[in-house]
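What follows is a short report on a single structure.
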Amino acid sequence: MHRWSQLFIPTLREAPADAEVASHKYLLRAGYIRQLSAGIYSYLFLGYRSMRKISEIVRQEMDKIGQEFYLPALHPRELWEASGRWSLMGDNMFRLKDRKGADLCLGFTEEEVMTEIARKELRSYKQLPQIWYQIQSKFRDEPRPKSGLLRVRQFTMKDSYSFDLDAAGLDISYKKHYETYCRIFDRCGLQYMAVEAHSGAMGGSQSHEFVVNTNAGEDFVVSCPNCRYAANLEKATSRLEPVEDYKATGTGEPELVHTPGLKTVEEVANYLGVSPKNKMKTLALMATETKSGAEKPHEVPVILFLRGDHTLNEAKLSTALAGAQFRPMHLEEIQAVFGAPAGFLGPIGSEGRQYKGIKARVLVDQALLGRKNLIAGANKEDYHLRNVTPERDFTVSEWTDLRSVGEGEGCPNCGTTLKIAKAMEIGHIFKLGYKYSESMGARVLDQNGKEVAPIMGSYGIGIERILTAAVEQNHDNDGFWLPAAISPFEVVVTPTNVKDATLLSTSVQIAEQLAGAGFDVLLDDRDERPGVKFKDADLVGIPFRVTVGKKVTEGMVEVVPRSTHQMLDANIRDITSHLEKLLRPAHS
RNA sequence: CGGGGCGUAGCGCAGCCUGGUAGCGCACCUGCCUUGGGCGCAGGGGGUCAUCGGUUCAAAUCCGAUCGCCCCGACCA
């Protein structure tokens with residue numbers, strides 16, 4: 001049992017003007033956290049107590065499938081050179097030098113350290129599978145820390161890594177993590193979704209994100225209200241309504257139309273009285289590729305074609321370009337590649353286009369497959385073409401999924417209209433494949449005595465994100481309430497007046513009784529007016545309050561759930577069983 | 001990094017345009033009063049006005065630079 005009067009719980013009437021999202025405001029106001037610098041926070045008593053409970057849930061569940069390690073946060077450069085990520089991570093990595101001038105970095109994630117251990121220690125298939133995890137600080141020099149604890153530069157991550165002999169083994173390790181993550185987030189009391197995710201430039205064949213719906217989130221998630229389909233917008237696909245193609249005009253061959261000064265899809269479609277769905281959109285980009293030969297990176301022109309009303313999904317393009325960086329072409333580059341200005345670019349002749357002798361890569365979105373008689377740019381200023389038909393008028397070497405799912409489109413599985421909502425990522429699981437074991441040289445002997453690289457997976461949970469998500473999901477104008485399992489206390493006992501000896505002694509007795517029954521109890525024994533205590537109790541997230549007031553003379557107190565404020569009178573004799581029903585429903 | 005905004009007491013803000021006295025609310029300390037939703041009265045403490053430099057008899061205020069923080073766009077737990 002803790003006594004509020006002796007604790008440091010610095011609650012604030014007003015939130016600092018800098019705080020915008022609910023979780024940031026309320027965690028500050030409730031005295032959970034204080035900011036030290038951009039994206040760097042201190043956790044005070046209540047905040048850290050909640051974090052410890054979250055970590056403990058994660059630990060208990062992870063211990064069922066893996067083994068906990070504790071790895072260094074300080075890593076030598078050589079380790080990251082070995083995996084090729086020392087340069088790849090760029091400015092996102094915190095780097096430093098030791099007194100001898102040797103380069104070090106702060107742990108961004110721990111594939112390298114784990115793989116280093118595997119490389120040195122694992123020798124035989126008999127030692128596989130392994131699942132190793134830790135709960136540790138991670139350091140990322142984010143370009144833009146934001147939204148309180150949502151995007152920070154130092155945070156706590158549970159990260160685990162699996163090593164298996166083959167893909168079938170990886171499937172099992174992956175599934176174990178999937179199920180474990182569900183148990184963890186269930187126990188933390190979150191409403192979450194597992195969605196298919198973009199595996200990023202790091203490769204890897206399969207990946208799921210665990211997300212929580214909230215407007216404070218930074219991702220968009222596409223989900224089907226009917227079947228179980230759910231995916232990050234970066235990865236999502238949809239079923240498109242069929243589009244009626246126009247009848248060919250004239251000879252049916254591509255035919256120039258004069259479109260003076262009309263550059264956008266909208267303008268051209270309006271002018272010609274056609275639908276953007278029957279127009280092609282052309283995008284011209286420059287990608288930066290680094291050949292595996294490891295010389296200097298060079299730029300490759302990339303030409304993309306999409307349906308006129310569709311938008312490019314940059315994550316999908318990134319996958320199509322194997323992770324290469326890209327940027328829009330400059331106007332001079334467009335002129336040089338197409339011989340025409342932006343706004344009038346089109347597909348005909350794309351195969352032969354090049355820039356400074358480097359042949360352009362041409363990608364065509366799948367939604368154009370089978371379409372006919374489209375409107376497209378003519379690669380001639382102030383002209384477009386009618387009757388453009390892919391594969392007849394220009395060759396398509398790659399049909400690719402490049403478009404973002406739009407509002408109102410159908411589920412790829414069942415056709416029901418998809419929902420798109422903002423979400424916050426709280427966990428992510430990846431099948432890594434052989435990337436690290438190969439690059440770093442981890443090898444075991446298989447049953448035949450042959451040397452093989454173990455196949456890996458990597459799995460993360462953001463501990464602070466769980467707290468942040470819970471606050472985002474459960475707040476009102478007075479503060480927030482946490483699921484009991486991750487709240488710093490389960491119940492606060494509030495005497496309305498500590499100068500009244502009966503109220504105080506009854507409160508102490510109730511608090512001790514509840515603590516004795518295994519509840520995590522806070523006694524608000526401060527000499528404050530009841531209003532102050534009620535306001536603070538509402539602010540700090542504790543899910544239940546027991547108010548000890550005048551009714552003690554009749555042997556009664558009030559039990560108030562924070563989420564609803566629906567107070568119930570309870571007999572003091574029954575207070576323990578009353579709270580057991582509320583807080584331990586499974587046992588009673 | 002590109003764009004925008006802001007730095008004055010622990011928090012929220014005014015003062016700056018038009019240079020000369022640093023102010024308000026909350027919080028904090030003392031006393032009284034009060035005790036079911038941030039109560040009241042009286043007294044009090046606390047500020048290198050982000051930093052550095054310039055202009056001036058005189059700078060929170062005008063000028064320049066730097067730093068920090070927040071927000072909007074490319075990255076991720």
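Every chain is numbered from 1 and lettered A, B, ... according to where its sequence line falls, protein lines coming before strand lines.
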Could you tell me which nucleotide pairs with [N] by Watson-Crick or G-U wobble geometry, both distances under 3.5 Å, or answer none if nothing does?
| N | value |
| --- | --- |
| B:rG73 | B:rC1 |
| B:rG45 | none |
| B:rC26 | B:rG10 |
| B:rC57 | B:rG20 |

Please classify the nucleic acid contact of [X] as base, sugar-phosphate, or nothing, using heavy-atom distances under 4.0 Å.
| X | answer |
| --- | --- |
| A:D500 | nothing |
| A:D91 | nothing |
| A:R526 | nothing |
| A:D219 | base |
| A:Q136 | nothing |
| A:R34 | nothing |
| A:K550 | base |
| A:R327 | nothing |
| A:A15 | sugar-phosphate |
| A:G427 | sugar-phosphate |

Round to the nearest Å and state the distance from [X] atom [atom1] to [N] atom [atom2].
| X | N | atom1 | atom2 | value |
| --- | --- | --- | --- | --- |
| A:E20 | B:rC72 | CD | C1' | 10 Å |
| A:M89 | B:rC75 | CE | P | 14 Å |
| A:M556 | B:rG36 | CE | P | 19 Å |
| A:K551 | B:rG36 | NZ | P | 13 Å |
| A:E14 | B:rC28 | CD | C1' | 16 Å |
| A:R151 | B:rC70 | CZ | C1' | 16 Å |
| A:K146 | B:rC75 | NZ | P | 13 Å |
| A:D524 | B:rG38 | CG | P | 15 Å |

Does [X] qualify as a cation-pi partner of [Y], given the criterion of NZ or CZ under 6.0 Å from the six-membered ring centre and within 45 degrees of its axis?
| X | Y | answer |
| --- | --- | --- |
| A:K431 | A:Y174 | yes |
| A:R95 | A:W86 | yes |
| A:R465 | A:F155 | no |

Please determine, for the side chain of [X], which listed nucleotide ([options]) has the closest atom?
| X | options | value |
| --- | --- | --- |
| A:T496 | B:rG36, B:rG38, B:rC76 | B:rG36 |
| A:A38 | B:rG36, B:rA77, B:rC70 | B:rC70 |
| A:S37 | B:rA77, B:rC69, B:rC39 | B:rC69 |
| A:D18 | B:rC71, B:rC69, B:rG36 | B:rC69 |
| A:N92 | B:rG36, B:rG38, B:rC75 | B:rC75 |
| A:K499 | B:rU35, B:rG37, B:rC39 | B:rU35 |
| A:E425 | B:rC76, B:rC26, B:rG36 | B:rC76 |
| A:E142 | B:rC70, B:rC75, B:rC76 | B:rC75 |
| A:R529 | B:rA77, B:rC39, B:rG73 | B:rC39 |
| A:R13 | B:rA77, B:rC26, B:rA74 | B:rC26 |

Query raised in the report: A:F155 on top of B:rA77's base, within under 5.5 Å and under 30°?
Result: yes

Query raised in the report: salt bridge (charged side-chain N to carboxylate O under 4.0 Å, His left out) with A:E490: which residues, sequence neighbours excluded?
Result: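 Partners of A:E490 by the salt bridge (charged side-chain N to carboxylate O under 4.0 Å, His left out) criterion, ordered by chain and then number, come out as A:R584.
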
For [N] versus [M], give the span between their [atom1] atoms, rounded off to a whole number of Å.
| N | M | atom1 | value |
| --- | --- | --- | --- |
| B:rA27 | B:rC11 | C1' | 7 Å |
| B:rG45 | B:rG31 | C1' | 15 Å |
| B:rA42 | B:rG64 | P | 47 Å |
| B:rC72 | B:rC13 | C1' | 25 Å |
| B:rG47 | B:rG53 | C1' | 23 Å |
| B:rC16 | B:rA50 | P | 15 Å |
| B:rC63 | B:rU55 | P | 15 Å |
| B:rC62 | B:rU18 | P | 9 Å |

Query raised in the report: Is there a donor N/O on one and an acceptor N/O on the other, under 3.5 Å, for the side chain of A:D538 and the base of B:rG37?
Result: yes

**Report entry** base_contact_polar (B:rG38 base, A:R29 side chain, donor-acceptor, <3.5 Å)
**Finding:** yes

**Report entry** Sequence-distant partners of A:E14, side-chain contact (heavy atoms from CB on, under 4.5 Å), two or more places apart
**Finding:**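 For A:E14 there are no side-chain contact (heavy atoms from CB on, under 4.5 Å) partners, ignoring immediate neighbours.
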
Proximity of [X] and [Y] rings by center, below 6.0 Å:
| X | Y | result |
| --- | --- | --- |
| A:W132 | A:Y161 | no |
| A:F210 | A:Y178 | yes |
| A:Y459 | A:H428 | no |

Query raised in the report: Distance-only, no hydrogens or angles: does the A:D476 side chain make a donor-acceptor pair with backbone N or O of A:G479 under 3.5 Å?
Result: yes

Report summary line: Nearest-nucleotide check on RNA chain B, A:P145 vs A:P16; residue mapping nearer the 5' end is A:P16

Report summary line: Judged by nearest nucleotide, the residue sitting upstream toward the 5' end of RNA chain B, A:S147 or A:V498, is A:V498

